[in-house]
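The structure appears below as structure tokens.
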Amino acid sequence: MATPRVRCDQAAAWSLLRQHFDKGGRGFDLRQAFAQDAGRFAAFSQEAPHVFADLSKNRVDAEAQALLVRLARECGLEAHRDAMFAGERINTTENRAVKHWLLRAPRIAGDGDSQAVHETLDAMLAYAERIRADAGITDVVNIGIGGSDLGPQMAVAALDSFVTPGKRFHFVSNVDGHELAAVLKQLDAQSTLFLIASKTFTTLETMTNARSAKAWFEAQGGTDTARHFAALTTNVGAARAFGITTTFGFWDWVGGRYSLWSAIGLPIAIAVGADGFRQLLAGAHAMDQHFRTAPLESNLPVRLGLLDVWYRNFHGFTSRSIAPYHSALRRLPAYLQQLEMESNGKSVDTEGRALAYGTSPVLWGEPGTNGQHAYFQMLHQGTDTVPVEFFAVRRPAHGLPVHHDLLLANALAQAQALMQGKADAGGHKNFSGNRPSSFFLLDALTPASLGALLAMYEHRVFTSGSLWGIDSFDQWGVELGKVLAQDIAPRLATGDAGGLDPSTAGLLQRIRGA
Ligand code: F6P
């Protein structure tokens with residue numbers, strides 16, 4: 001039975017936060033806050049497994065922090081979190097449990113789902129090791145989209161320094177044939193393994209790409225589908241009907257954007273090996289334990305989620321910029337976009353009632369230092385305040401001298417400049433400062449630290465979504481466009497514009513050259 005939740009705007013602390021914001025939140029100045037409190041860095045930084053977070057450059061004081069924690073308690077965050085970890089069906093609009101955390105938990109005796117998780121994990125990792133040892137397979141092509149693409153693609157890039165030599169990894173997601181065609185022309189069918197990754201095994205893009213890949217494989221003389229195709233899916237029957245006999249399953253209680261820990265992570269396991277994949281899971285599990293057991297006041301995902309509520313609903317900030325100062329994290333912004341915006345981009349609560357407050361901000365970003373030479377102008381001098389999240393590692397994975405100090409110096413300097421500003425020059429050269437940022441520091445980018453960082457984000461999204469009273473685990477908003485595309489697709493061939501709005505009809509005719 002789902003645990004009752006209290007929506008943030010119906011909790012007593014909500015109006016206290018409003019009062020506090022009017023009194024001292026709106027005019028809060030970071031520079032004054034540091035000048036008045038020598039202990040601010042210590043008070044507003046947080047140690048968690050594998051991740052150190054400096055939150056002190058955020059526009060939050062001790063009173064706001066305490067009221068936000070009170071809000072979380074009044075909303076029933078702890079009970080909601082415990083309900084997730086107890087396997088309750090907290091994804092109410094789809095009537096599903098939410099158990100991606102179980103994928104990274106050690107085997108739980110007497111728990112049937114945990115037994116199934118570990119049986120599949122063992123089989124998948126044994127398969128990954130066989131592929132790694134098989135010099136006849138040089139190219140691994142993951143065909144999937146959304147959660148069946150973004151997580152594995154991001155993680156394989158992030159863990160590049162751990163990736164086995166001799167294998168190339170490709171990710172094809174778009175229904176745009178340019179993407180698949182560009183990959184196919186690099187391949188030899190006899191040395192390629194296609195992984196068809198789809199939770200549902202019905203997604204238009206993935207099925208179209210999978211059919212084209214299979215047709216190409218057969219046209220090249222390929223016959224051994226069992227060796228060259230594997231399916232990663234909850235819909236094993238559909239994969240078999242498609243002609244794939246090598247399959248790795250998962251379960252409906254794993255959301256697509258939370259699935260890289262499941263069979264969907266097979267490309268990661270082939271890339272970094274069974275031990276590396278187990279370390280990724282262990283890092284995430286350590287963060288799960290932190291989220292489950294640390295008091296709300298010193299719970300990193302909770303503190304981040306509360307800050308998100310404070311910024312979105314009181315300061316009114318509508319976006320957040322992701323700045324990974326590590327080029328291997330170049331796909332992190334795209335991955336986080338799905339995780340946060342597909343989870344929390346909702347405008348009704350779990351009962352379907354309209355919300356009178358904002359939910360997911362827009363997430364966007366590029367690796368540093370590249371972003372500095374593009375859009376950081378707007379972050380420093382634009383009319384909007386955009387909180388920035390810096391990610392950096394202490395130890396690089398390369399041995400080139402000079403680079404890493406310069407990289408870190410730039411990350412620190414940007415955060416400093418955003419906060420301090422510079423008022424003496426005036427006019428066009430003025431920097432208003434007081435622009436907030438968070439700084440996440442890892443010792444090194446390893447499977448374990450990456451796992452912890454991603455789990456931290458998952459639970460942060462859970463926290464803000466929980467207070468907002470929404471279902472963070474459904475995604476009904478993606479359906480309408482899919483249905484309309486099915487209606488439009490045959491019209492591109494026939495030219496039938498009947499019943500279409502004038503703009504769509506006009507564009508259809510233009511595309512057909514009519
Ligand atoms: O359209 C959105 C979505 O359902 C995502 O939630 C999901 O990650 C993606 O499509 C891919 O779905 P599937 O893994 O079932 O192909």
Side-chain angles (χ1 to χ4, degrees), residues 90-100 103 120 124 141-156 171-176 179-180 194-214 229-242 244 247-268 331-346 359-360 363 454 457-458 461-462 465 470-486 488-489:
I90 63 165
N91 175 356
T92 49
T93 75
E94 295 180 328
N95 192 27
R96 286 178 182 164
V98 174
K99 302 211 293 184
H100 48 274
L103 299 166
T120 307
M124 158 189 156
V141 183
N142 190 78
I143 293 181
I145 196 164
S148 301
D149 165 66
L150 291 164
Q153 188 183 160
M154 175 273 300
V156 169
F171 290 85
V172 176
S173 52
N174 203 323
V175 74
D176 181 350
E179 195 175 54
L180 179 61
F194 290 99
L195 303 176
I196 312 302
S198 175
K199 178 175 171 180
T200 54
F201 226 77
T202 57
T203 304
L204 169 97
E205 291 88 340
T206 303
M207 297 329 300
T208 307
N209 281 322
R211 274 191 291 271
S212 297
K214 196 148 163 277
F229 282 81
L232 323 174
T233 183
T234 61
N235 191 353
V236 169
R240 287 186 191 279
F242 183 86
I244 300 180
T247 60
F248 297 95
F250 58 110
W251 305 273
D252 74 354
W253 41 259
V254 183
R257 54 197 173 274
Y258 299 87
S259 65
L260 75 86
W261 323 99
S262 72
I264 292 293
L266 182 57
I268 311 171
R331 294 296 290 162
L332 185 67
Y335 168 81
L336 293 180
Q337 281 175 337
Q338 188 196 15
L339 178 60
E340 189 152 345
M341 293 163 76
E342 197 172 74
S343 296
N344 285 351
K346 315 281 164 70
T359 56
S360 176
L363 265 68
L454 302 180
Y457 244 94
E458 290 179 349
V461 169
F462 178 92
I470 58 182
D471 187 338
S472 296
F473 299 99
D474 64 16
Q475 56 284 315
W476 297 105
V478 302
E479 294 304 322
L480 179 59
K482 290 183 190 175
V483 172
L484 296 183
Q486 276 172 8
I488 292 173

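Order of listing sets the numbers, starting from 1, for every ligand and every atom in it. FYI, the numbering just counts along the sequence from 1.
Residue Asn209 holds its CG atom at 8.0 Å from OG of Ser173, rounded to the nearest 0.5 Å. Note that the CZ atom of Arg257 and the CG atom of Leu150 stand 11.5 Å from one another [nearest 0.5 Å]. For the atom pair OG1 of Thr247 and CZ of Phe201, the computed distance is 9.5 Å after rounding to the nearest 0.5 Å. One distance of note links CZ of Arg240 with CG of Asn235; it measures 11.5 Å at 0.5 Å rounding.
Judged by the 6.0 Å distance and 45° axis criteria, Lys214 is positioned over the aromatic ring of Phe242.
When heavy-atom distances to ligand 1 are checked against 4.0 Å, the residues falling inside are Ile145, Gly146, Gly147, Ser148, Ser198, Lys199, Thr200, Thr203, Gly256, Gln338, Glu342, Gln475, Val478, Lys482, ordered by chain and number.
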List the steps and the verdict of side-chain hydrogen bond (donor to acceptor under 3.5 Å, both in side chains) for Glu340 and Asn344.
-> CA-CA 6 Å; Glu340 189 152 345; Asn344 285 351; 5.5 Å; no
